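Have a look at the structure below, then the notes.
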Amino acid sequence: MRLVRRWLPDRAIKLVGDGAYSVVELGTACRKQQIMLIAPLRFDACLYTPPPARQPRQMGRPRLIGQRLPQLDQVLFDSHTPWQQAWITWYGQGKRLIEWCSATALWYRGGQTPLPIRWVLTRDPERKHEPRAYFSTDQAQSGLSIITDFMKRWCAEVTFEESRAHLGVETQRQWSDKAIERMTPCLFGLYSLVALLGHHLHPTGDIPFQQTAWYRKRQATFADVLAAIRRHLWNDFRYSTLPQNPDVILLPRSDLSRFADIVCSSA
């Protein structure tokens, strides 16, 4: 992240990660680089109030933290917790009604610098889904904004999965570290290129997509976009026809051999 900040000194940067990013040291390092970190927060995280102001001529080292705050699992079941409701897009599953509450605190672990955060706690009003907690190192950010920012990870997860399924990410067999470092960014770049070409060919989004008996799709997937681009690059099978029968095309033997290779390789 320090390298990204050096590349983009004037750009506002948000780092959104999963539970592995929920680390006090990482949050402190991001704050030093003026980078906002958003990640899940453990329900048993040690949260404190800010330290009290020092009195004149007060002896001793300055306090780092104030009083211990209730754990988030206690806040979850507290009848006095003020909950708010909002409709948000939840992990590609459409709109969902959630209840949330938020506040600021210092996240502290022994021997480390206290991390100022804004935490947000969410729960399902129908109690069908587990409650979740998140935090942001920007205390000025609203709780609802933290939730919507974290939901944006869904696009990244879909990109990773579709790049593995259709573009071969994590299946390349290079032995050189430099080759691996080059190939993986190129494949992710290819994903973006496919998306841009698909939008250029079908700017209104009317990409044809295939249906199956066991899975009914409502819109085109990455596989359909990739198929549409391949069809366009293959000249959409526009070949000369026989004058006697327009339904019969004159297919060059080289193209027939190429199609055979593609079918055999993908089978």
Side-chain angles (χ1 to χ4, degrees), residues 1 3-5 7-8 10-18 38 88-95 148-241 246-267:
M1 294 311 300
L3 180 61
V4 174
R5 171 53 70 196
W7 288 342
L8 305 171
D10 302 324
R11 180 72 61 87
I13 301 176
K14 291 182 181 180
L15 174 60
V16 184
D18 55 13
I38 299 174
I88 65 170
T89 302
W90 191 271
Y91 281 114
Q93 302 176 11
K95 294 290 185 178
T148 54
D149 280 344
F150 189 81
M151 293 300 107
K152 296 175 183 178
R153 288 189 65 252
W154 174 250
C155 299
E157 296 293 339
V158 171
T159 299
F160 295 151
E161 173 59 28
E162 293 180 339
S163 297
R164 284 192 292 262
H166 303 287
L167 300 180
V169 172
E170 294 185 349
T171 61
Q172 57 265 35
R173 299 181 179 179
Q174 299 93 345
W175 62 269
S176 171
D177 292 341
K178 291 185 177 180
I180 297 174
E181 293 175 358
R182 289 192 296 263
M183 181 59 69
T184 300
C186 286
L187 292 176
F188 281 124
L190 179 60
Y191 183 95
S192 300
L193 184 61
V194 169
L196 292 174
L197 290 175
H199 183 269
H200 179 74
L201 293 176
H202 301 274
T204 59
D206 56 342
I207 299 176
F209 55 91
Q210 295 181 340
Q211 296 284 8
T212 60
W214 59 88
Y215 176 57
R216 304 296 297 178
K217 293 189 294 187
R218 298 181 180 179
Q219 59 185 4
T221 61
F222 182 80
D224 299 313
V225 178
L226 189 60
I229 295 175
R230 286 172 174 170
R231 192 177 188 91
H232 177 77
L233 295 177
W234 294 344
N235 200 25
D236 205 16
F237 304 102
R238 297 189 184 97
Y239 296 98
S240 301
T241 60
D247 291 334
V248 178
I249 63 174
L250 301 176
L251 181 64
R253 186 174 298 275
S254 60
D255 288 355
L256 178 61
S257 177
R258 181 159 58 93
F259 292 151
D261 291 339
I262 295 173
V263 171
C264 293
S265 300
S266 61

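The basis for the numbers below is simple: all heavy atoms, side chains too, and nothing from hydrogens, waters or symmetry mates. Computed from a predicted model, the values in this text were never measured in an experiment.
- Remark: the backbone N or O of Arg253 is not paired with any side-chain donor or acceptor of Ser257 at under 3.5 angstrom.
- Remark: Arg5 pairs with no residue by the side chain to side chain donor-acceptor pair (under 3.5 Å) rule, at least two apart or across chains.
- For Phe160, the ring pair (Phe, Tyr, Trp, His ring centres under 6.0 Å) criterion is met by Phe188, not counting sequence neighbours.
- Listed by chain and residue number, Glu157 satisfy the side chain to side chain donor-acceptor pair (under 3.5 Å) test with Arg153 (two or more places apart in sequence, or in another chain).
- For Ser176, there are no side chain to side chain donor-acceptor pair (under 3.5 Å) partners two or more places apart in sequence or in a different chain.
- If you take CG on Leu193 and CG on Leu187, they are separated by 12.0 Å, rounding to the nearest 0.5 Å.
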Val194/His166 under side-chain contact (heavy atoms from CB on, under 4.5 Å): CA gap, chis, key distance, verdict: CA-CA 11 Å; Val194 169; His166 303 287; over 6 Å; no
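- For residues 176-193, there are no salt bridge (Lys or Arg N to Asp or Glu O under 4.0 Å) pairs, not counting sequence neighbours.
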Applying side-chain contact (heavy atoms from CB on, under 4.5 Å), run through Met1 and Leu15 and close with a yes or a no. CA-CA 9 Å; Met1 294 311 300; Leu15 174 60; 3.8 Å; yes
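- For the atom pair Leu190 CG and Leu226 CG, the distance stands at 8.0 Å (nearest 0.5 Å).
- From Lys152, atom NZ reaches atom CD1 of Ile38 across 8.0 Å, with rounding to the nearest 0.5 Å.
- Under the salt bridge (Lys or Arg N to Asp or Glu O under 4.0 Å) criterion, Asp224 pairs with Lys217, sequence neighbours left out.
- By the side chain to side chain contact (heavy atoms under 4.5 Å, CB included) test, His199 is found to be paired with no residue, residues two or more places apart in sequence or in another chain being considered.
- Tyr191 is linked by a ring pair (Phe, Tyr, Trp, His ring centres under 6.0 Å) to Phe222, counting only residues two or more places apart in sequence or in another chain.
- If you take CD1 on Ile229 and CG on Leu196, they are separated by 9.0 Å, rounding to the nearest 0.5 Å.
- For Leu251, the side chain to side chain contact (heavy atoms under 4.5 Å, CB included) test picks out Tyr239, Asp255, Leu256, Phe259, with sequence neighbours left out.
- Distance CD1/Ile88 to NZ/Lys95: 8.5 Å, rounded to 0.5 Å.
- Residues forming a side chain to side chain contact (heavy atoms under 4.5 Å, CB included) with Asp206 (at least two apart in sequence, or on another chain): His202, Thr204.
- Remark: Thr184 pairs with Gln172 by the side chain to side chain donor-acceptor pair (under 3.5 Å) rule, at least two apart or across chains.
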